[in-house]
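Beneath this line is the structure, given in structure tokens, with notes to follow.
Lettering follows sequence order; numbering is per chain, from 1. Note: hydrogens, waters and symmetry copies are ignored here, and every other heavy atom, side chains too, is used.
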2 protein chains.
Amino acid sequence: MGRAQTGTGARPPRATIIDVAREAGVSPATVSRVLTGSKPVSAGPEQRVRAAVARLGYRPNPAAQGLLRGTTSAVGVVVPDLSNPYFAEVLKGVTNAAQHADFRTLVADTGEKAATERDAALELSRWADGVVLCSPRMSQWELTELAAAVPRLVCVNRLSRGTSIPAVAVDFEAGVASICHHLRELGHRRVAYLRGPARAWSERARQRGLRAAAGPDLEIVQIPCGSSSVDGHRAADAALATRATAVMAFSDYVALGALARFDELGVSVPDEVSLTGFDDISLSRLVSPRLTTVTVNKQDLGRRAWELFVETGADGEDGPVVMVTPELVVRASTAAPADMAGSLPKTAVDR
Amino acid sequence: MGRAQTGTGARPPRATIIDVAREAGVSPATVSRVLTGSKPVSAGPEQRVRAAVARLGYRPNPAAQGLLRGTTSAVGVVVPDLSNPYFAEVLKGVTNAAQHADFRTLVADTGEKAATERDAALELSRWADGVVLCSPRMSQWELTELAAAVPRLVCVNRLSRGTSIPAVAVDFEAGVASICHHLRELGHRRVAYLRGPARAWSERARQRGLRAAAGPDLEIVQIPCGSSSVDGHRAADAALATRATAVMAFSDYVALGALARFDELGVSVPDEVSLTGFDDISLSRLVSPRLTTVTVNKQDLGRRAWELFVETGADGEDGPVVMVTPELVVRASTAAPADMAGSLPKTAVDR
DNA sequence: CTGTTAGCGCATTCAT
DNA sequence: ATGAATGCGCTAACAG
């Protein structure tokens, strides 16, 4: 009973370094020296080794190398949800940087469940030299404990005071502040804020920005909401009911959901109500009206996490923290409140 | 010079199975037996081993296990672009299924460059037991050659006639046909098609669907376009210039770009022109008007790829091919052409 | 039921 | 400059 001649049928066993050595008429050690370049090898054997490697299609077994070197040349990335383009972008940033350094990327999706973050990180840490943890939802206490068990743990969008976990994070506080500033300049005095998950570190940071920006000339009304577009869709009515002239969403996703609801309701944006997002996902400039938001380069976030990962390996000293300041991008979803139409000069912005 | 007491400062060396054995007062083999459950172990030693494992926080070294077993319990996934939520979703599907089977996922991003696909797959194949290749752009010839070098290669959205590469793919042909049918039912007779990348397998499949659907009562005008939203934005004017009453986009992304352009132009959808997408990305139901498209469960695609991956390991016989038929979802971006308004009964659909 | 031995594939000693 | 020997951490095959 013969096997198919093409495709996956007959598969020759993988060549080992011994096969190559035999084929080239040298010792395994010489093959290794040629491949790693660790010690000089004279031209003759070198050529024969290279030829044998090519002929056999030999590639060293990473597991064996890892076992010997005690290092894997791999980095783990734990994300709450790969369906969320935000995390997919961060992952891409890490992966690209890692590939550049000849590192592999292992990925785990926790399905937004804080309970599985720990196990996922622990598991990946056995396969990789370290782990990048994106927006971990676990408690501060768990995180600290995890950092003790995982070599080279780097956080994205989660800062931990008192511990030395390296982290790169968006300055949500500053982002929220710039949105508030923008809305106040337009003349808004009462803004509804569509809250994200209460336990999220980024939400708490936003709250700090809100507290700093609130004052006699800017009232913030908090609306429980969530982080998805359907959350935004659901919370839109409550936001409208507050009689606020502007709605500030936790994220672009939430804003887009709210926008869809406003559209269903026949509420015009920005004529009747202004709307802002956060993150500047690609679709925010495609919807109508184009969304005013705050922009952050997610791939860059991932790239910086990689850099931290590399640095951390070097010393293992106190965890450096990189803050990335997002930038306000004013588009068409914000305008002066209806009762002030014409009382302010038109702003010349990216419309 | 003391190290920091918290966080990443002092790190004890990883415990090995020998440490555990010593700690429990047994031999390494017994520890292994307790952990793998390969052979029975009496209660006393078992308890001591478990306690020692917990105390030392021991976890077996996967590299060593892999070396011994000749298998890695990992699967590689190669995608053209992680920024594209389509691929991120497929990746999530694979990852979730893999995690369920206690497999790790390695990911590589080729940056849409066909030239790097081969290397990425080859590289991952050394670290994993096999590779899932998403929408490979490489030539048929390269793909066949790659399949011979990579154990357990599975393709997503790329069928190869003549070879036995297992694959799961969306039935683009049927999807396009159902859109054509829908538009013809509405009364459209002239449709502009915004073409995807000419070399893409999925585009060629769409063309087959188009050829089958075209006829005396349905003319298809081809417009070179691309696969991104900016491509759609750019090609929108040309589509309008054809005087077609409906525009059929290669994908939802392209459609969203075109929609944004129509909005800028003041062209009303669907009153002046109907518009359709393909894929049903989450934002298609949030834009205004909500996009008529064809839906496919991308995570399911990934899950099925995983299943194929598992099956392939079992026999290694001829590659099974799974076709996933997408479903038309009619929303608000399609209607009867303007010159036929009122001449057809309103369709009762998801508006 | 348990301990001892050997070897997975490789890089790195140490000899030559 | 090269070859032979050693061991990374683990599990499977033997012995007891």
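Note on Ser42(A): only backbone sugar-phosphate atoms sit closer than 4.0 angstrom, heavy atoms only; bases stay farther off. At the heavy-atom level, Pro45(A) lies under 4.0 Å from the strands shown only through sugar-phosphate atoms. If you check every strand for non-hydrogen atoms under 4.0 Å, Val41(A) touches sugar and phosphate atoms only.
Listed nucleotides dT12(C), dT2(D), dA12(D) differ in distance to Ser38(B); the shortest reach to its side chain belongs to dA12(D). When the nucleotides dT2(D), dT4(C), dG9(C) are ranked by their closest atom to the side chain of Ala64(A), dG9(C) comes out on top. Checked against dT11(D), dA1(D), dG9(D), the side chain of Thr16(B) finds its nearest nucleotide in dG9(D). The Leu68(A) side chain lies nearest to dC8(D) when the options are dT2(D), dC8(D), dT11(D). Nearest nucleotide to the Ser27(B) side chain, out of dC8(D), dG3(C), dT12(C): dG3(C).
Following rounding to the nearest Å, Glu46(B) (CD) and dC1(C) (C1') show an atom-to-atom distance of 13 Å. Between the CZ atom of Arg22(A) and the P atom of dG3(D) there is a distance of 14 Å, given to the nearest Å. In this structure, CD1 of Ile18(A) is placed 13 Å from C1' of dA11(C), rounded to the nearest angstrom. Rounding to whole angstrom units, CZ of residue Arg126(B) and P of dC8(C) are separated by 15 Å. Here dC10(C) presents its C1' atom at 9 Å from CG of Leu67(A), a figure rounded to the nearest Å. Counting to the nearest Å, the C1' atom of dT2(C) and the CZ atom of Arg48(B) are 12 Å from each other. Rounding to whole angstrom units, NZ of residue Lys39(A) and C1' of dA11(C) are separated by 11 Å. Counting to the nearest Å, the P atom of dT11(D) and the CG atom of Leu35(B) are 7 Å from each other.
Salt bridge annotation for Arg14(A)-Asp19(A): absent, with no cationic side-chain nitrogen under 4.0 angstrom from a carboxylate oxygen. Salt-bridge check for Arg50(A) with Glu46(A): passed, with a basic side-chain N closer than 4.0 Å to an acidic carboxylate O.
Where Thr36(B) and Val26(A) each meet DNA chain D at their nearest nucleotide, the meeting point lying more 5' is that of Val26(A). Toward the 5′ end of DNA chain C lies the nearest nucleotide of Arg33(B), the other residue of the pair Arg33(B) and Ile17(A) mapping further downstream.
Annotation: side chain of Ser135(A) is not in contact with side chain of Trp201(A) (no heavy-atom distance under 4.5 Å).
Considering all non-hydrogen atoms of both residues, Leu159(A) and Ala169(A) come closest at CD1-CB, 3.4 Å.
Taking side-chain N and O atoms only, Gln65(B) has a distance below 4.0 Å to OP1 or OP2 of dT11(D).
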Task: Check against salt bridge (charged side-chain N to carboxylate O under 4.0 Å, His left out), Glu145(B) and Arg118(B) - done: CA-CA 10 Å; Glu145(B) 202 196 28; Arg118(B) 182 196 141 85; 3.4 Å; yes
